[in-house]
Amino acid sequence: MAKLKYIATIILILTIGSTALAQSSKIVTSKEQAIKKGIYTSPLSDNAVASTSIEKAKSEKPKSSSRKEAKKKENKTSVINTTNDDDILIDKESNYLIEQLINNASDNLGTRYRGGGTSKDGFDCSGLLFSTFKKFDITLPRSSHEMAKIGRVLNQDEYKVGDLIFFKTVSRRISHVGMITEINGDEIKFIHSSTSLGVIISSTKEAYYQKTFAQVNRVLE
């Protein structure tokens, strides 16, 4: 009986020992052991993983539109027409100064005629051009008769926008001047200050100016 108790005790001790040994074998004491057991997990937390994903997404550039799509968008861009019926169209060959001279003279359209006038209070024909050129530090003679003596007298095929056009409205003497704003074939349009209507744009097709036309001078080469 004592012998049986002894054997049972031995068996119990062996069982407890093997259980403890089995449990101790499950304890991981190093990273290497965890890797071997296939239970290693990166120390990055969920937040760190999420942050990494966000940064990666930021670094990825969105796909750019194809050239064809860009071209389509470009073609769809509306074109704004800034030309009005009343605009004075400047010859493409004219330089910037001439364009500005015409623009400045045109700012006075509708201003009344005034003998000896050189301001918005009223202009005579030479006064309009004298004051317009003066704004750009170009001093012309004060009378149309004297203006006709400067620059170069042109042949008909040389006329350009910005040239001065003269008329003999009193006897056979040059007494009126304007500045060419447009040329259409044999028709010349010019801005000037007329005694009856003030600053206007007229045409050499008008009988009065066709009859009194004298010459065209170029004072700006």
Side-chain angles (χ1 to χ4, degrees), residues 82-221:
T82 58
T83 303
N84 297 316
D85 292 338
D86 296 331
D87 285 348
I88 295 174
L89 303 179
I90 307 302
D91 191 321
K92 291 181 179 178
E93 295 182 1
S94 300
N95 62 37
Y96 181 74
L97 174 58
I98 290 174
E99 182 177 345
Q100 294 309 307
L101 286 168
I102 293 174
N103 286 340
N104 274 270
S106 301
D107 284 341
N108 298 302
L109 286 169
T111 302
R112 72 184 182 92
Y113 179 89
R114 180 183 170 209
T118 58
S119 70
K120 284 283 190 180
D121 291 333
F123 295 97
D124 62 16
C125 63
S126 57
L128 173 65
L129 296 184
F130 177 84
S131 62
T132 298
F133 277 74
K134 192 67 175 177
K135 288 180 180 179
F136 297 88
D137 297 322
I138 301 171
T139 303
L140 298 180
R142 182 59 188 84
S143 70
S144 57
H145 181 72
E146 293 301 317
M147 283 183 188
K149 296 179 181 180
I150 66 171
R152 180 167 63 91
V153 179
L154 304 174
N155 295 319
Q156 186 174 355
D157 60 353
E158 296 180 286
Y159 300 166
K160 285 186 178 180
V161 169
D163 292 334
L164 301 186
I165 185 168
F166 297 90
F167 301 88
K168 295 179 179 179
T169 56
V170 178
S171 186
R172 294 183 178 180
R173 184 172 182 269
I174 289 177
S175 54
H176 193 67
V177 63
M179 180 165 55
I180 297 176
T181 59
E182 187 179 347
I183 299 174
N184 293 317
D186 61 348
E187 180 185 19
I188 299 171
K189 291 184 178 181
F190 57 96
I191 187 168
H192 64 126
S193 182
S194 70
T195 54
S196 57
L197 299 174
V199 180
I200 58 172
I201 292 176
S202 298
S203 168
T204 53
K205 287 293 185 180
E206 297 173 38
Y208 178 75
Y209 295 110
Q210 192 170 21
K211 180 180 178 181
T212 58
F213 170 76
Q215 68 191 51
V216 172
N217 286 25
R218 182 164 299 154
V219 297
L220 296 174
E221 292 288 355

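Of the possible polar contacts, none joining the Asn217 side chain to the Val219 backbone as a donor-acceptor pair under 3.5 Å is found. Judged by distance alone, the side chain of Glu206 and the main-chain N or O of Ser203 form a donor-acceptor pair under 3.5 Å. Looking only at distances, a side-chain donor or acceptor of Ser175 sits under 3.5 Å from a matching main-chain atom of Thr169. Under the 3.5 Å distance criterion, the side-chain polar atoms of Thr204 are matched with a main-chain donor or acceptor of Ile188. A donor-acceptor pair is defined here as one N or O able to donate and one able to accept, closer than 3.5 Å; such a pair exists between the side chain of Ser193 and the backbone of Phe123. At least one donor-acceptor pair under 3.5 Å links the side chain of Ser119 to the backbone N or O of Asp121.
Interatomic distance, Ile183 CD1 to Ile165 CD1, rounded to the nearest 0.5 Å: 8.5 Å. With rounding to the nearest 0.5 Å, the separation of CD1 in Ile201 from OG1 in Thr181 is 4.5 Å. Atom CD of Gln215 and atom CZ of Arg152 lie 12.5 Å apart (nearest 0.5 Å). Here the NZ-CG distance, from Lys189 to Asn184, works out to 6.0 Å after rounding to the nearest 0.5 Å. Note: Glu99 CD to Asn104 CG = 11.0 Å, rounded to the nearest 0.5 Å. Gln210 CD to Phe167 CZ: the interatomic distance, rounded to the nearest 0.5 Å, is 10.5 Å.
What you find for Pro141 and Glu146 is that their closest heavy atoms are CB-CB, 3.5 Å. Residues Thr118 and Phe130 come closest through the heavy atom pair CG2-CD2, 4.5 Å. Shortest non-hydrogen contact noted between Ile98 and Asn95 is N-OD1, 2.9 Å. Taking every heavy atom of both residues into account, Ile102 and Ile180 meet most closely at CD1-O, 3.7 Å.
Annotation: side chain of Tyr209 is in contact with side chain of Ser194 (closest heavy-atom distance under 4.5 Å). Leu128 places none of its side-chain heavy atoms less than 4.5 Å from the side chain of Thr111. Using a 4.5 Å heavy-atom threshold, the side chains of Leu140 and Ile150 count as touching. Counting heavy atoms from C-beta on, the side chains of Phe133 and Met179 come closer than 4.5 Å. Side-chain contact check for Leu129 versus Met147: some heavy-atom pair is nearer than 4.5 Å. Within the 4.5 Å cutoff, no side-chain heavy atoms of His192 are placed close to those of Val177.
Using modelled atom types, one finds a donor on one side chain and an acceptor on the other under 3.5 Å when comparing Thr139 with Lys134. There is no side-chain donor-acceptor pair under 3.5 Å between Ser143 and Ser126.
Sparse packing is recorded around NZ of Lys211, with 12 or fewer heavy atoms of other residues, nucleotides or ligands lying under 6.0 Å away.
Salt-bridge annotation for Asp124 and Arg142: present, with a side-chain N of the basic residue lying under 4.0 Å from a carboxylate O of the acidic one. Salt bridge annotation for Lys205-Asp186: present, with a cationic side-chain nitrogen under 4.0 angstrom from a carboxylate oxygen. Using a cut-off of 4.0 Å between Lys/Arg side-chain N and Asp/Glu carboxylate O, Arg218 and Glu158 are scored as not salt-bridged.
The aromatic ring centres of Phe213 and Phe190 sit 6.0 Å or more apart.
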